[in-house]
Structures are given as C-alpha cells and as structure tokens.
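Taking it in order: structure first as structure tokens, then the write-up.
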Protein chains: 2
Amino acid sequence: MATRTDAPTRREQILKEAARLFAERGFHGVGVDEIGAAVGISGPGLYRHFPGKDAMLAELLVGISGQLLTGGKRRVAEAAGGAEGAEAVLDSLIEGHIDFALDDRPLITLHDRELDRLRDSDRKLVRQLQRQYVELWVEVVREVYPGLTEPAARSAVHSVFGLLNSTPHLGRPGSLPGRGDTAALLHRMARGAFAAAGSPAAG
Amino acid sequence: MATRTDAPTRREQILKEAARLFAERGFHGVGVDEIGAAVGISGPGLYRHFPGKDAMLAELLVGISGQLLTGGKRRVAEAAGGAEGAEAVLDSLIEGHIDFALDDRPLITLHDRELDRLRDSDRKLVRQLQRQYVELWVEVVREVYPGLTEPAARSAVHSVFGLLNSTPHLGRPGSLPGRGDTAALLHRMARGAFAAAGSPAAG
DNA sequence: CAGGGAGGTTAGCGGTCGTTAACCTGAAGG
DNA sequence: CCTTCAGGTTAACGACCGCTAACCTCCCTG
C-alpha cells in the first residue's frame, strides 16, 4: 500500500502523456514529436526510453488489462476471506472498476479503442487478460443471479462495462455532479442493470 | 415505409464499406486505396463521389446523429399521440436505439470514436444533433422518474447509451444468443439501470 | 452518328511521419 | 583528470498517404 511520494520517472511521464494524446486523437492521429513535446523533450528523444511508438501503446494496454485483472482478483480474494456473500464481492468489483474509470479516463478510452493497433503477440496477451477479467465477473454475477445462463451473464457483464466506461462521455470532470455522487449513481445503475438481467419476469 | 428493393448506389456502397473499415482500424488507419478496393474500384476513383476522405467520415457521422434524432423524435411524437404513458415512450426510445445498435454496429462504433477527426463546422453540427437526442431522452426519463435531478438524468442517459452501445463488444454476430434475446436482455438492463438511478433508496 | 458527361484508370507530386544516424553534454566513478 | 554512459539534440532518409492530373471508355441523347 506504499503510496508513492517520489517524482514520476521520465518513462512514466511519457506513458501518461501518450495515453492522454492517444485517447484524444487516436493512435495514428498523434505524432511522436507531439508526445515528446508534451514531456518537454523532442521527437526522437523518446527512443531512449521506448523501442518505438507501438511499444508505448502496447505497454499502456497491457498495463491497463493487467491492473484491472489484478485488482479484481484481489477484491474477490479479500471478500472471499470474510463472511460476506457474493453480493458484497460484486459490489467490490463494481467499486473497483468505477474507481479506475473515474481516475484514469484516458486509459479507459484507449482500452477498447486501440486494441487492434497492437502486434499480434501483444494483442493476444491483452485479450487473454481481458477475458480472464470478464470471467471473474461472470462467476460472481452468476452466483448472485443463478437464473442467468452463462452467455447471458457474459453479455450482461460486457454491457455493464459499457455503462461504467461511459465516464469519458459525461463531460469534463468539472461538469460532473461531484465524484462521489457520480460513483454512487454508476454503482446503483450497474446493480440495477444486473438485477434486471437476472430476473426475466419484467413487466 | 417504402422498403428499398433496388440495388444500393455506388455512393452508398462506399459509405457502408468506409464505415466498416473506419470502425475496424480507425479513420487514420485506413487508406483511400483500401476503401476503393472494398467496393471494387481503386483509390482515386472515390473522388468522383466524394470531395475527400474527410467528407466520407463527415457524411457518416452527420447521418448517424440525424437518423438517431429523427427516429427518436418520431417515436416520441407517435407515442404522445396515443394514450400511453411516459413509460411506453421510454420503452420505444430504448427499442429504437437497440435496433440501431444491433443493425449498424460499425456506425455505433464510429459514432463516439472518430468525432474529433471532423472539420469544426461538421463537428459542431454532429454535437448539436447528439445533444438534442440526449435532451429528448432526458425529458422522457425525468417524466418517468421525477426524483432525478437534471444533471443526474443526463448522466444516467449517457451511461445507458454506453450500455446499449456495448453491442460491438459482444462478440461476432454468430456468438450472440440470438438477436431477439439480446435485444430483450439489453432492454431489461436499460430499464433496470434507469430504475436504479431514479430511486436512491437502494440497500 | 457526333459528342458529352459519368465514372473509371494510372502516374506522380507533396507533405507527413516513424525511425535511424551522428553528435553533444553533464554528472558519476575510479 | 579521464572515461563512460544516460539522455538528450538536429538532420535526414524512406515509406506511406491523400489528392490531383491526364487520360480512357462506355452509354445516353439529340
């Protein structure tokens, strides 16, 4: 839980700015000179830190997927240790995903937008991490709503991801009703969506 | 309601293929030669039909936004004519959006991905159409759930759009549980999400 | 049957972009 | 004090890409 107080490395600066620029204008829409300028160095200087532009995107996407999966696993394990039910685990997963979506909006945008720009091996890795993350959710969701078939649960999970990942469309951070309220609203809506998916007896 | 039986014009072919390619690899990731090849002509031949590559994207995005807004307005007007309540109007809006998301998946993808690649004037137009569409929903949603503040309703609408627009992530059309089932699931989830947003008294 | 426009073709220009090459500099270490 | 090396710099190359120019070929029409 060591909260970092030391300054970010140049490498981390580059990744952060690259993520922002890629999210704003797309991978092909951003030049290496722009990324360099964003961290105060110029174009080719980036090649002291990364073998190429592709490598930056790859590291970003692998990092995102891995971070989501690791966080999800941790939350499932923690909750399983206590006496809480599956509902609490689901709440924890939702909370973690919302935190990520609200804190790292550019990364969320990249996550489902630029995957196809990766080399085959990297793309396979990211897809595998994503799949594991989805399966994590599917298991928990089916435990809470046993009526759901597995394909339906998977569709529901993907749809809730779409709901939670909508934060980049909610306007600039200032125009939101406040982070806490937004998080609470998203959480309620996600639970409501799952509940509706799990009970086909709607009017 | 004249269902078209005549063959699509060359212009329409181009737009359709361009939409698919843009959705797959991004606007900057597709060359005009590829678009031409996709319709059986080669590169510069496209310039007999469009003034430039940008114009294809512009026409696609303006078309999408306009189509959504027009359809939404029509549905609101139709339902308002009958004796049905706001709930029925909301259901109709959801149904229309789902139809669009399931039938024109590449367009849905483009819709919130490549907007920034447009000329200023086109982007303003698209944004204006989108805003009107959102306001259409917000009004209906607040009628059904009067407890929602206006900002909360707008956030909820954007989030439900994220949910409904998740169809491109649901795997290839073949792997879905069947179009009707998928549409029904999405519809239930959207209603559940709105209901949860509208009643802060969750446990 | 002339002729003109719609809708193609290929060749090529000009600009952009990712990447490499060659060089510079300041700080650390023996 | 000399060396080394991490981390920069600018110049330039080669590929790609959007677009234009110039030309061709049907087909429709008067």
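Per chain, numbering begins at 1; letters A, B, ... match sequence-line order.
The aromatic rings of A:Phe161 and A:Tyr133 sit parallel to each other, their planes meeting at less than 30°, with 60° as the upper class boundary.
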Go along nucleotides 18-25 of chain C 5' to 3' and tag each nucleotide: B for a protein heavy atom under 4.0 Å from its base, S when only backbone or sugar atoms are that close, - otherwise. SBB-BB--
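Under a 3.5 Å cut-off, the side chain of A:Glu17 and the backbone N or O of A:Val39 do not form any donor-acceptor pair. Without hydrogens or angle criteria, B:Ser65 side chain to B:Leu61 main chain gives a donor-acceptor distance under 3.5 Å.
With respect to A:Lys16 and A:Glu12, no salt bridge is recorded, no charged nitrogen being found less than 4.0 Å from a carboxylate O.
One can place CZ of B:Phe50 at 15 Å from P of D:dG18, the figure rounded to the nearest angstrom. One atom, CD1 of A:Ile35, and another, C1' of C:dC17, lie 12 Å apart when rounded to the nearest Å. Rounded to an integer number of Å, the gap from B:Leu46 CG to C:dG8 C1' is 11 Å. What separates NE2 of B:His49 from C1' of C:dG5 is a distance of 14 Å, to the nearest Å. If you take CD1 of B:Ile14 and C1' of C:dA6, they are 13 Å apart, rounded to a whole angstrom.
Under the 3.5 Å distance criterion, with hydrogens and angles disregarded, no donor-acceptor pair is assigned to the side chains of B:Thr9 and B:Arg11.
In this structure, B:Arg10 reaches the C:dG8 phosphate: one of its side-chain N or O atoms is under 4.0 Å from OP1 or OP2.
For the atom pair A:Asp99 CG and A:Arg179 CZ, the distance stands at 5.0 Å (nearest 0.5 Å).
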